[in-house]
2 protein chains.
Amino acid sequence: MILSKSCEYAIRAVVYVAAKTVKEERVGIIEIAEAIGSPVAFTGKILQTLTRKKVLASSKGPNGGFYIIDPASVYLIDIVRAMDGNEIFTACVIGLTTCSAERPCPMHHQMKPIRDQLRIDFSNRSVYEMVQAFEENNYFLK
Amino acid sequence: MILSKSCEYAIRAVVYVAAKTVKEERVGIIEIAEAIGSPVAFTGKILQTLTRKKVLASSKGPNGGFYIIDPASVYLIDIVRAMDGNEIFTACVIGLTTCSAERPCPMHHQMKPIRDQLRIDFSNRSVYEMVQAFEENNYFLK
DNA sequence: AGAATAAAAGATATATTTGTCTTCTATTAA
DNA sequence: TTAATAGAAGACAAATATATCTTTTATTCT
């Protein structure tokens, strides 16, 4: 499992929120959880984290809910870093803390391009593009 | 984290055992754990799993210990599958169970080549090659 | 101002992964 | 054939990730 379950939920939630935002709508925890097939309370916690980390924004009270300031300037890597940190792009595949280009583990040279590609793909994909793909191709989130 | 901690330990342990096997030696749990920097009892459990799955072989009693039948015919993917299963090569990156080429999630087409490359790298790398790299380049396992 | 709405925050609960400890079984060698 | 060695197996413990529940705070609408 490349990403934690929390991070998987997070990406799906952000894409759903952004799809609403582009229609000028805010959306609540319950609807989000229903849309992405995740437990409501746990999803609330994740949305809280994303809001604290400025990936999403929220407002309380009637007509409140979650939204995203600028879907085109938030990239998947921002969500991944908010939830799981940067380690998946840097950590040694066999768990050696001191593994590096200078002192590589036996798998280092095989793994580097894979991790780099992962970072590149997450860095290049904006939430806005995800929403577009989502709407154009009848993609789904649960 | 691409691989579980158990799987990381497993790969390091198998490489260490194989390095001993090519010198016609068997090696015990305590020495293995010391060599790869892992907790002894937990390492015992992992070695047990690897033996049950035929990745390693073992014998009890004095002069007993772990060894590997044919390092050249065991590939990293065998260790990964023994410990973590096949999911890391197939599971949807955002956690959708029904994600497939026909009904892809918004990240499917980006992730496929990465997962394929991961599988290819693990499939092409034999334990014997790992040992060679390990010995030739002063690689390390902890 | 008061009631309703909705997220934030904190305390708990459950499940999984990681790690430990004790006993059992097989093997070897004296 | 007995003592020592070493893995196998099972019970238990700790840490982390996932999930739930309750209370608080902010906002809106009447």
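Each chain gets a letter, A, B and so on, in the order the sequences are listed, and its residues count up from 1.
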>> Looking at B:Ile120, I want to see if its CD1 is surrounded by more than 12 non-hydrogen atoms of other residues, nucleotides or ligands under 6.0 Å.
In response: yes
> Between B:Arg103 and A:Phe140, is NZ or CZ placed under 6.0 angstrom from the six-membered ring centre and within 45° of the ring axis?
Replying inline: yes
> So what does B:Gly65 hit on the nucleic acid, given a heavy-atom distance under 4.0 Å: a base, only sugar-phosphate, or nothing?
Replying inline: sugar-phosphate
>> Measure CG/B:Leu50 against P/D:dA8 and give the value in whole Å, please.
In response: 10 Å
>> Can you measure B:Tyr67 atom OH to D:dG7 atom P for me and round it to whole angstrom units?
In response: 12 Å
>> Hydrophobic clusters here meaning ILVMFWY residues chained together by side-chain heavy-atom distances under 4.5 Å, can you tell me if A:Val14 and A:Phe42 are in one?
In response: yes
> So, is B:Asn63 near the phosphate of C:dA29, with a side-chain N or O under 4.0 Å from OP1 or OP2?
Replying inline: yes
>> Quick check with a 6.0 Å cut-off and a 45 degree axis cone: is B:Arg115 positioned over the face of B:Phe89's six-membered ring?
In response: no
>> Please compare A:Ser6 and A:Pro62 by the position of their nearest nucleotide in DNA chain D and report the one closer to 5'.
In response: A:Ser6
> Rounded to the nearest Å, what distance is computed from the CD1 atom of residue A:Ile46 to the C1' atom of nucleotide C:dA8?
Replying inline: 15 Å
>> So which atom in B:His109 and which in B:Pro104 form the shortest heavy-atom distance, rounded to 0.1 Å?
In response: NE2-CG, 3.8 Å
>> Nearest to the A:Tyr9 side chain among C:dA7, C:dT28, D:dA19, which nucleotide is it?
In response: D:dA19
>> Using a 4.0 Å cut-off on heavy atoms, which residues in residues 14-43 of chain B reach DNA chain C? List them by number, or say none.
In response: B:Pro39, B:Ala41, B:Phe42
>> Between the base of D:dG7 and the side chain of B:Lys45, is one N or O donor paired with an acceptor at under 3.5 angstrom?
In response: no
> Taking CG from B:Leu47 and C1' from C:dT18, how many angstroms apart are they, rounded to a whole number?
Replying inline: 15 Å
> Rounded to the nearest Å, what distance is computed from the CD atom of residue B:Glu87 to the C1' atom of nucleotide C:dT17?
Replying inline: 15 Å
>> Does A:Phe134, at its CZ atom, have more than 12 non-hydrogen atoms belonging to other residues, nucleotides or ligands within less than 6.0 Å?
In response: yes
> Given atom NZ of B:Lys60 and atom P of C:dA29, what is their separation to the nearest angstrom?
Replying inline: 17 Å
> Among C:dT28, D:dT18, D:dA9, which is the nearest nucleotide to the side chain of A:Lys5?
Replying inline: D:dT18
> Using a cut-off of less than 4.0 Å, is there contact between a side-chain N or O of B:Gln48 and OP1 or OP2 of D:dA9?
Replying inline: yes
> Taking CZ from B:Phe66 and C1' from D:dA8, how many angstroms apart are they, rounded to a whole number?
Replying inline: 9 Å
> Is the shortest side-chain N/O distance from B:Ser58 to OP1 or OP2 of D:dA6 below 4.0 Å?
Replying inline: no
> In terms of heavy-atom contacts, does CD of B:Glu136 have more than 12 from other residues, nucleotides or ligands at under 6.0 Å?
Replying inline: yes
